[in-house]
Structure formats: C-alpha cells, structure tokens
Amino acid sequence: MRVLGIEGTAWCASAALHDTGTDTTRIESNPYEPESGGIHPREAAEHMADAIPEVVDTVLSGADVEGSEHGVDAVAFSRGPGLGPCLRVVGTAARALAGTLDVPLVGVNHMVAHLEVGRHQSGFENPVCLNASGANAHLLGYHDGRYRVLGETMDAGVGNAIDKFTRHVGWSHPGGPKVESAAAEATAGTDGGDLLDLPYVVKGMDFSFSGISSAANDAYDDGEPIEEICFSLQEHVFGTLVEVSERALSLTGADELVLGGGVGQNDRLREMLETMCDSRGASFYAPDPPYLRDNAGMIAILGAKMAAAGDTLRIAESSIDPNFRPDDVPVTWRDDTSSVVHGAPSDGRGAEATVDVIAGAVSDEVGGPDEGSRGDVGGPDERFGRDVGDPDERGSRVRKRRVPKRYRHPALDRSLRRDRTVSEARLTSEARRAGVPTPLVHDVDVPDATITLQYVGDRDLAVDITRSSDGGGSGDRKSGDCGVNIDGKDPRQVTRAVGTYLARLHRAGIVHGDPTTRNVRVGRTGGRTGPDPVLIDFGLGYHSGHVEDHAMDLHVFEGSVNATATDPQPLIEAFEEGYGSVGEDAVLDRLGEIRDRGRYR
Ligand SMILES: C[C@@H](O)[C@H](NC(=O)OP(=O)(O)OC[C@H]1O[C@@H](n2cnc3c(N)ncnc32)[C@H](O)[C@@H]1O)C(=O)O
Ligand SMILES: [Fe+2]
C-alpha cells in the first residue's frame with residue numbers, strides 16, 4: 001500500500017509518500033520561518049496554503065500515481081492538535097486530493113504519529129513514549145485500546161517553554177537549537193558547567209515549566225551569562241522530562257522507551273534519556289531528526305496502519321480538531337489485548353530509590369548494607385520484591401536510599417536527593433499526626449539520602465488495580481464492577497479511603513505531591529496502621545493551603561488510576577466521594593477545572 005501523508009499543524013508544510021511493501025518513505029518539507037517573534041497563526045496558515053501544494057506535487061511527481069496499480073491508496077492528514085488556521089488549510093488540501101485520486105481519507109492525530117513513528121522504526125512492542133515537542137510534553141502508554149496520558153505538562157509545551165526565553169533575549173524562532181549551541185559553549189572545557197538554581201517542578205508524573213522560563217528570563221535581566229542560563233535551562237527542563245519518563249517506566253513496569261517530537265533533536269536530551277534507560281536496563285529508541293521534528297513521513301506511516309485497519313473518514317466527518325488529545329483516539333491498528341502495563345519490576349527499585357527490607361526483630365541499630373535483603377525473589381510484594389514472612393509482626397523495616405542519578409547534573413542531583421529525603425522524613429511524621437496512616441520513621445541519614453521506615457502493607461495499590469482490571473485477583477470481573485483485590489476487598493473501598501486521607505492531609509496544610517497508586521500500600525499491615533491503606537513517599541511533599549496544590553494531588557492520583565486501570569471510573573468516583581466526605585468542595589471544583597484546562601498551548 002502507498003499512502004500520501006500531509007502535515008501542517010504549525011510550522012512545517014510537508015508531504016510524504018510511504019510504501020508499506022518496501023517500508024520506505026519519501027518526505028518533502030518546507031518550513032515557515034517567522035521574521036521575528038514566535039509563530040503567527042495567520043502567517044503560518046498563509047505559508048501552508050502556498051507550500052503544501054508544492055510539497056505534494058514534488059512527492060507525487062516522483063511517483064507514478066495516475067491509474068497505476070502502484071498509485072496512492074489513501075491520503076492521510078494531520079487532523080490535530082495544532083493551530084486552527086493551519087489545520088484548516090491542511091484538511092481542505094487532503095479532502096481535495098482524496099477526492100481527485102478517488103481514495104480513502106485518513107485523519108491522523110499528530111501526537112500519536114510522533115509516537116508511532118518511533119514504535120514503527122524501533123520494533124518495540126509496548127514502549128512508554130515521551131513526546132517532547134513545541135506545543136506539547138507528555139508521556140503516553142498503550143493500555144486497553146487507547147493511549148493513556150501517563151503524565152504531562154501542566155502549562156507550556158517543552159519547546160514553547162524554551163522559546164519563551166529565546167524570545168525574551170531576542171533570538172529568532174525556533175529557539176531550541178540556539179539554546180543547545182549556547183549551552184554547549186558553557187560546558188566546553190569545563191567539567192559540566194556551572195548550574196544556576198532554577199525551579200524544578202515534578203508532581204507525580206505531571207510537571208510544570210512556567211516557573212523555569214520566568215526564572216531564566218530574570219537571570220538574563222540580572223546579567224547572568226547567557227551560555228550559563230542556556231546550560232542550566234536545559235539541565236532543569238530535560239532533567240524533569242527524564243525523571244518523569246523514569247517514573248512512567250517504573251509505574252508501568254515497561255522496559256522500552258521511545259522519544260518523539262522536535263525537541264527530541266537535542267543531543268543532551270537524548271544522551272540523558274539513554275543514560276537513564278541504560279542504568280535501568282531498559283531499551284531506548286529515538287528516531288533520526290527528520291522523523292522527530294514535524295514531518296509528513298510520520299503521518300503517512302501511521303496513516304497506512306489506520307487505512308489497513310479500515311479506519312478511514314467520510315468527508316462529512318473529517319473536520320479538524322485543534323485540541324485533539326492523543327487519549328481521545330480509538331486505536332484501531334493495534335491488538336487491544338497488549339498493554340504497556342507489565343507490573344512492577346521485582347528488584348526493589350522504584351523510580352528514584354532502592355528499597356531494602358531489613359527482616360527480623362526490632363532493633364535500634366541500623367546495620368550495614370549486607371543485612372538488607374534486596375529482593376529478587378518475587379513474591380506477593382512486587383515493590384519490595386521479597387516476601388519476608390510477617391513483616392509487621394516482626395517489626396521489619398525498609399531502608400530506602402535515593403540513589404544518585406547519572407543522567408542529571410551532579411549539583412541538581414545532590415540537592416534533589418537531599419531535599420526530598422528531608423521532606424519525606426518530616427512530612428511522613430507530620431501526616432501521621434494529622435491522622436493519616438503512614439510508616440513510622442526510624443532513622444534519617446541526610447548526607448546519604450537514606451531513610452529507614454517501618455515496613456507497611458504487602459503490596460502497592462497499583463498491583464490490585466492492574467490485576468482486577470485484567471480479570472485477575474481472586475474474583476472474576478463482571479462488567480461494570482472493579483474486581484476484587486487480593487484481600488477480597490473491593491478496590492473502591494481502598495480508593496475511597498485514600499480520598500479521605502488526602503483530605504485529612506490537606507486540612508493539615510500538607511500536600512503529598514506524588515500520591516500515585518504506587519505510593520499507596522495495601523494488604524496485611526498489622527500493628528498500628530490497621531487494615532487500611534497506608535500512604536508512603538512524601539519526598540515531593542510540601543506545606544500549602546492553596547486549593548490549586550490540593551487539587552493537583554487529586555489530579556495526580558486520578559492520573560495514575562486512569563493510566564493503569566481498565567475501568568477507572570468507579571475507582572475515581574469512590575475516591576472523590578471519600579475526599580468530599582472530609583475535604584473542601586472547592587478542591588473538587590478546582591480538580592474539574594484542571595482536567596478541563598486546554599493544556600496544549
Ligand atoms: C502540535 C504540533 O504543531 C506541535 N509541533 C511542533 O511543535 O513541532 P516539532 O517539530 O514537534 O517541535 C518543534 C520544537 O522543537 C524545538 N527544537 C528543535 N530543535 C531543537 C533542539 N536542538 N533543542 C531543543 N529544541 C529544539 C523547536 O525550538 C520547537 O520548539 C507539537 O508536536 O506539539
Ligand atoms: Fe510536532
């Protein structure tokens with residue numbers, strides 16, 4: 001099959017012909033280059049109107065189209081997300097071509113195309129995908145017939161966040177490559193470059209860039225050397241993206257990562273992702289730059305898969321969608337039983353720390369590393385890796401160490417590990433005093449970023465949610481119910497309890513910061529915490545009474561449920577009901593707003 005792809009969501013007018021028989025793709029592109037400032041939607045649309053017919057002609061003139069059996073079998077176009085005026089030009093061109101050639105029309109989601117091109121080229125089955133592009137930044141994983149958004153920016157896309165700074169200093173669009181070369185000058189001849197302290201915001205697997213852009217602008221106004229700002233900007237922005245990617249690998253248990261989007265052309269970002277994957281034993285793939293930046297090749301490649309699945313559009317239903325979300329796309333071209341969710345790794349490693357179970361009687365002495373039983377045995381506990389018998393009865397402990405991350409700048413690494421260790425120790429205890437079940441904190445070693453905690457639960461809530469969605473666990477899953485967890489409990493009771501605990505925390509002015517289903521321990525807890533879920537990992541926590549911060553906690557929890565459960569809705573309803581029974585209605589209202597925010601800016 002041969003598919004003509006057309007791209008033109010923002011800056012790149014592009015056409016491509018993909019031949020599935022030979023797996024070859026010919027791409028012709030013509031970029032829009034604004035004379036000053038960022039992309040002007042009207043000017044960009046004018047560029048599309050001029051350039052798209054040209055690139056289509058060039059691509060088709062190299063192919064024997066008319067009437068030949070090797071002609072074009074379908075026309076695929078970028079339907080969104082993107083700038084409305086540009087998308088309309090592309091849509092009109094695609095409809096006209098499909099009509100003239102008398103072939104089916106395929107409407108492609110641009111972000112899913114950024115992902116699928118990497119999956120196609122790498123041969124990976126179920127990767128986590130990091131899309132790092134101009135207007136977007138998110139993590140996607142396939143589960144149960146849809147790409148789930150595992151995490152995303154709460155404000156600007158990553159390219160736009162960098163471009164905001166380059167506009168401020170008067171550099172022309174696109175700013176990304178200029179920041180990359182200035183940053184390289186800062187590092188030349190030194191051992192890593194000096195790092196300016198910029199904001200670094202990770203919330204679960206979501207993140208924010210707006211504070212970083214403004215702080216970089218301020219640093220420039222204060223006379224900091226521009227090379228140093230560019231260097232620090234990259235270290236912080238890319239450090240954030242790599243950290244959330246690692247969190248997504250950890251949450252899903254996946255061991256494959258693909259990169260998509262124009263910012264993926266940055267060597268430093270690719271190097272950091274490679275290092276992170278390497279140290280986890282995961283595989284990493286990044287397409288070559290012509291397939292990372294906007295291009296019609298990716299549209300034609302996904303278009304061909306969709307056309308083969310019969311996923312074509314009637315002209316009357318082919319309208320464009322500037323806010324087309326990747327998780328709104330029915331994935332017709334994949335086997336819907338496969339999934340990015342593999343279950344947690346069984347080696348005691350979370351995304352940022354190793355956790356060793358110290359079995360045996362209570363002792364105030366914390367022994368050396370040899371006493372730890374780093375689990376590799378598998379057992380009911382997939383996080384801590386090892387079944388230690390009756391841990392609570394025996395007063396077992398876990399030693400959690402935030403390990404240095406080689407991918408990030410040593411100064412940033414040191415401060416994140418130190419700050420998070422301190423927050424975790426402090427807030428775990430404060431939460432307990434606020435009536436929220438948390439482990440006892442036995443010992444903290446700040447210089448070593450190590451904390452010794454009471455062993456609680458015997459597994460993460462993530463395990464139950466995934467098993468009950470599979471129809472596994474101890475009960476058969478009927479449609480509309482949420483399954484039964486290993487203890488014979490309805491997981492809704494658990495998410496309801498989590499809701500009430502977060503409300504108690506918030507009433508005490510504490511934000512958890514990372515309440516994913518991996519940070520809720522369930523099962524046999526014995527001792528002081530009783531049969532209810534226990535909240536752990538307050539490393540990203542802080543004090544705040546702001547409705548927005550409280551609502552973000554709820555958003556993070558719901559995001560992790562949405563990412564991994566087949567039928568998340570009943571779990572989420574129970575969670576919100578639990579929250580509402582103790583917490584403020586204003587927080588639930590704000591949660592609705594966060595969900596509805598157009599995040600593609
Ligand atoms: C919706 C769609 O229109 C949009 N596409 C888009 O933003 O173009 P894309 O080609 O995926 O990414 C362009 C961004 O990629 C950045 N970029 C290009 N080379 C870069 C580099 N070496 N380092 C950092 N950023 C770079 C540019 O500055 C620009 O912000 C998207 O995917 O979000
Ligand atoms: Fe893009």
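Values in this document were obtained by computation on a predicted structure and should not be read as measured data. When a ligand or atom number is given, it counts from 1 through the structure's own listing order.
Checked by distance only, ligand 1 and Trp11 come closer than 3.5 Å through their nitrogen or oxygen atoms. Checked by distance only, ligand 1 and Ala135 come closer than 3.5 Å through their nitrogen or oxygen atoms. On a distance-only criterion, Gly262 and ligand 1 share at least one N/O pair closer than 3.5 Å. Geometrically, ligand 1 and His173 share no nitrogen or oxygen pair separated by less than 3.5 Å.
Here side chain to side chain donor-acceptor pair (under 3.5 Å) pairs that include residues 35-46, with residues two or more places apart or in two chains, are Tyr32-Glu43.
In terms of protein heavy-atom proximity, atom 25 (N) of ligand 1 is nearest to Gly176 CA, 3.3 Å. Looking only at heavy atoms of the protein, atom 29 (C) of ligand 1 is closest to Asp163 OD2, 4.0 Å. Nearest protein neighbour of atom 23 (N) of ligand 1, counting heavy atoms only, is Asn266 ND2, 3.0 Å. In terms of protein heavy-atom proximity, atom 27 (C) of ligand 1 is nearest to Pro174 CB, 3.8 Å. Protein heavy atom nearest atom 7 (O) of ligand 1, with residue, atom name and distance: Gly134 N, 2.9 Å.
Proximity of Glu180 to ligand 1, defined as any heavy-atom pair under 4.0 Å, is confined to the side chain (atoms from C-beta onward).
Ring planes of Tyr220 and His168: perpendicular class, angle over 60° (limits at 30 and 60°).
Side-chain contact of Tyr407 with Glu274: a donor-acceptor pair under 3.5 Å is absent, judged by distance alone. For the residue pair His114 / Asp294, a side-chain donor-acceptor distance below 3.5 Å is found, with atom types taken as modelled.
Neighbouring protein atoms of the Fe ion (ligand 2) (N, O or S, distance under 2.8 Å, waters ignored): His110 NE2, His114 NE2, Asp294 OD1.
In this structure, Ile162 does not count as a contact residue of ligand 1, since none of its heavy atoms falls inside 4.0 Å of the ligand. Taking 4.0 Å as the cut-off, Gly157 does not count as a neighbour of ligand 1 on heavy-atom distance.
Here Asp267 pairs with Arg270 in a salt bridge; the nearest charged N to carboxylate O distance falls below 4.0 Å.
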